[in-house]
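These notes are about the structure you will find just below.
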Amino acid sequence: MALMTKGDYIASLRKLKKRVFIMGQEVENTVDHPLVRPSLNACAMTYELAQQPAYADLMLATSSLTGQKVNRFTHLHQNTADLVAKVKMQRLLGQMTGCCFQRCVGLDALNAVDSVTYEMDRALGTEYHARFRRYLAYVQAHDLVVDGAMTDAKGNRRLRPGQQADPDLFVHIVDKRLDGIVVRGAKLHQTGALNAHEIIVMPTQTLSAEDQDYAVAFALPADAAGVLMIFGRQPSDTRRLEGGQLDVGNREFGGHEAVLILDDVFVPWERVFMAGEYAFSGLLVERFAAYHRQSYGGCKSGVGDVVIGAAQSLAQYQGTDQAAHTRDKIVEMIHLNETIYAGGIACSVEGQATASGTYLVDLLLANVCKLNVTRFPYEIARLAQDIAGGLLVTLPSEKDLRHPEIGPYLEKYLRSVAQYTTEERCRMLRLLENLTLGPGAAAYLAESMHGAGSPQAQRIMLARLADLEGRMRLARRLAGIL
Ligand code: SF4
Ligand code: FE
């Protein structure tokens, strides 16, 4: 099978029979739905750029399984150069779309499941790894989008999965049969679920023997019987239903999240990669999280480039670009954005091979990268809003701008530096509004906070991974304390 084009990808999604609900309505055709289409366009860029020779080095890789050319989003990292290329590819896509392009979660899940199933088989004599590799060969051959599903509903955070008042608050095995398992539960925050062909489900936390039915990892076709998707809302999302061009800000692209319900879904053994091996649940969570914390070093710096570009453009349109304080703010934004990227590159360069041969990022640096991402985009957005001025949140609608009577007033009074049109200024304001207050802010800000784990999760990892003893020894030696 060849790599899919953007057109092939869209056609392949039309063939799936997913059950999807959007704002209380069951929707059969999500491909053309105005609330979904921007996210589909963004995910489709992972196919479109892969067809362009200029981006081949970043977007394509040689499969370690078959020797065939595959999209990097289905590739197992074979060395640190692959890890670096992944981050660069994500920055490129963030720059091109200004939003979440969704396909990284599956890439990170595939790489994490690969090394963990290998180590699990070696320790326990199970046979998950070969099974997983067969599944991955199928994903690569068909160039599929895989949605990685980790975050359970979790209920009362003080209670373990099995202690919850409702046992389904974490995904668990409800039946083990000769031909497979039956699973029930829900996964929240499913990035790009509607645009995926496949879903890989993983546990959400370290589990103990009492909770072994919750230690389950498997792959499903996204339209498997019993799978329901409920589309998540975003700020100002219904502007997409108004049919205009200007007020949406980012005309073509956007991300999406969904609630995923697994209502007694059957999974054949061939697609099961963990079923009760609770001792390996923590390792799977840790590795997936590390890869996804690396991912943010790429995608969020790419979107940050667009935010910086929008702020600088507005400064030009409004005649403030030469002011010393504006220049200083732009430099600060660049510094913060490149620091985000530096974390993604650093944890990649310092990556190491796991026992399966697949490369893993440096865990400490990946967590530092993501902890920066929980803060810096907020400061970048704040500075961009500072530069933009109050019109960012007081601008009348596109319909007013086009109105025969009041449109000319707006054209006249919203004009700033003469060489730029009022429409250019308004379009840029709307883009920045999208990225820092609207649907784009859902991904650039709140998701930067919580995606791939909330800040506290990274702090716990930093405390665990930092060699404080070693650091104290360094200090004692120089202080002459033996
Ligand atoms: Fe990829 Fe970033 Fe979206 Fe995660 S948030 S799926 S890393 S684009
Ligand atoms: Fe994310």
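All of these numbers come straight from a predicted model, not from anything done at the bench. Start at 1 and go down the list; that is how both ligands and their atoms are numbered.
Qualifying ring pair (Phe, Tyr, Trp, His ring centres under 6.0 Å) partners for Phe273, counting only residues two or more places apart in sequence or in other chains: Phe132, Tyr135.
Aromatic ring orientation, His292 versus Tyr296: perpendicular (interplanar angle above 60°, classes split at 30° and 60°). In this structure, Tyr214 and His172 have parallel ring planes: the angle between them is below the 30° cut-off, well short of the 60° mark.
Residue-and-atom listing of protein N/O/S atoms under 2.8 Å from atom 3 (Fe) of ligand 1, sorted by chain and number: Cys100 SG.
The contact set between ligand 1 and Lys300, taken as ligand atoms under 4.0 Å from a residue heavy atom, comprises 5 (S).
Counting heavy atoms from C-beta outward, Arg240 and Arg251 have side chains that stay 4.5 Å or more apart.
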- Step by step, work out the side chain to side chain contact (heavy atoms under 4.5 Å, CB included) result for Lys86 and Asp108. CA-CA 10 Å; Lys86 173 196 166 192; Asp108 295 338; 2.6 Å; yes
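Remark: Arg103 is positioned above the aromatic ring of Tyr47, its terminal NZ or CZ atom under 6.0 angstrom from the ring centre and at most 45 degrees off the axis.
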